[in-house]
Every structure is written in structure tokens, then in C-alpha cells.
Amino acid sequence: MPALLAATLAIHFAMTAIYLMPVSPAKLRLAPLAQAYMSPLFVQDWHLFAPDPDSSTRVWMVSCRIRGPDGATRETPWADITTPYRQAHYRSRFGSADRLLRTLTSAGRLTYTMPPALAEIIAHPANEGNGELMKAVDIAQERSRQDGVRALNRAASAHCDELHGPADVEAVRVRMAILRFPRFSQRHLPDAAGELSVHDYDWAPREDVAPPEIRR
């Protein structure tokens, strides 16, 4: 058994080395054999590390509707709640900032993307024309979106409480700002030169939420 395992590993690493080596007469002769071995389970290219590289960055912002001493309400300017998490993560890679940021961005992703399981159901040829199934998928997708919106509103409530105090906050609103990077042909330009768009969610009542604490 040890000899068989050693031989298997030796063959695997040899095929991988041939597959990845620079072009040479030896590789040209052995490439078909290495390609047949590596494909499809062991194929290595940039998709292995970045299957769907981002072409934009998203920043989540909140506005708070607060009540003043005279009883009148006003809406606060938009406050960026994403960048502080990123900066805290850059300062301390082992802190909690990254987990908090991923919770926020994951909730936001539910509002504008379809869960992979639902996408697979739609893409499967056997489900084409199944109206009842597609209706169920639409219902599940809407529930997923609502879950994301509720999570964003709770995050906004926590941040508005932190910024203005829970006693004065009546409602919260979330904004997603999307900066699309300059395309490759304009790679000499800074990211700020890209296309900026925003999506505003509806106002939602403030909820009691524990404050977002960044631990280092």
C-alpha cells in the first residue's frame, strides 16, 4: 500500500509539473497526455483563484430619522458604515471587524442576487416549463430578499443608535453605493474615476439591536 500511494503521488506531481511548465519541446510532446490527465478535475488557471472577479465595490451607508428636542424630525446625512470595518480589519487581521463586515455584505447580497440553489433549479433543463416550480422559486427568492433587507435594517438601527442615541432615532434607511471600476483599457485611471450609482432601500422603523462592537 505505501508503494502504491507513493507511485500515485509521483505520477500526479509529474503530470502537474508537465502541465504547468513553460512551453518547450518536451512539453509539446507530453502536453496531450498531461492535459488528458488534468482535465477536468485538476485543471489550474485563474478561475481556480477568482472564478468571478469583482468589477465594482459596494459601500453600505445609513441615514437616520431622528427626533429633536422640539419634537420635530429630521433626516441625517448619509454615513458610511462599511469603510470603518475595512479599516479596522486592515489594522488587525485577527479582530472581529471582518466577520461583522461579511455579515453586512452577505445580507446585502441577498437583496440583489439569487441564492445558488435557486439558480441551479432555474438552469436545470428538466425544470423548463414547470410553472409551479418557477412560482415556488420566485416566492423563495422574495423571502431571501426580505431576509436581507431585514438584516440591513437591523444593522442600520445599531449604527444609528451608536451615532445619535437610541432615544432619538425613529427610523432608518440603507443606501448601497456601487462604484464600477474603470475598465482594463482605462486601467491608468484611479478607481474614483469609475461609474458611481446608488440604490436606496425604504425607510424602516428603528429596532432594538445590540451595538456593533469591534474586538481586536
Donor-acceptor contact present, side-chain [X] to main-chain [Y], <3.5 Å:
X	Y	answer
S63	R173	no
T111	G108	yes
T105	R102	yes
N127	I121	yes
T82	V59	no

Answer yes when [X] and [Y] have at least one side-chain N-carboxylate O distance shorter than 4.0 Å, and no when they do not.
X	Y	result
E132	K135	no
R206	D161	yes
R65	E170	no
D168	R67	no

- Quick one: is the NZ or CZ of R145 closer than 6.0 Å to the six-membered ring centre of Y112, and within 45° of its axis? no
- Task: Please check if any side-chain donor atom of D147 sits under 3.5 Å from a side-chain acceptor atom of S144, or the reverse.
- Result: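 There is no such pair (donor and acceptor under 3.5 Å, judged by atom type) between the side chains of D147 and S144.
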- Do H12 and Y37 have a side chain donor and acceptor closer than 3.5 Å?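 The answer is yes; a qualifying pair exists.
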- Query: Tell me, do T73 and I66 make a side-chain contact under 4.5 Å, heavy atoms counted?
  - Reply: no
- Task: Report yes if the side chains of T76 and R74 come closer than 4.5 Å at any heavy-atom pair, otherwise no.
- Result: yes
- Query: Just wondering, more than 12 heavy atoms not from R143 lying within 6.0 Å of its CZ?
  - Reply: no
- Message: Around atom CD of E128, are there more than 12 heavy atoms from other residues, nucleotides or ligands closer than 6.0 Å?
- Response: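 At most 12 heavy atoms, drawn from other residues, nucleotides or ligands, come within 6.0 Å of this atom.
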- Query: Any idea which heavy atoms bring T113 and R109 closest together, and the distance?
  - Reply: OG1-O, 2.6 Å
- Task: Decide side-chain contact (heavy atoms from CB on, under 4.5 Å) for W203 and N153; before the verdict, give the C-alpha distance in whole Å, the side-chain angles of both, and the deciding distance to 0.1 Å.
- Result: CA-CA 9 Å; W203 283 97; N153 289 337; over 6 Å; no
- State the CZ-CD1 distance between R58 and I178, to the nearest 0.5 angstrom. 4.5 Å
- To the nearest 0.5 Å, tell me how far L152 CG sits from T103 OG1.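 Going from the CG atom of L152 to the OG1 atom of T103 covers 11.0 Å.
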- Message: Under the ring pair (Phe, Tyr, Trp, His ring centres under 6.0 Å) definition, can you give me all pairs with a residue in residues 143-169, not counting sequence neighbours?
- Response: Y85-H159
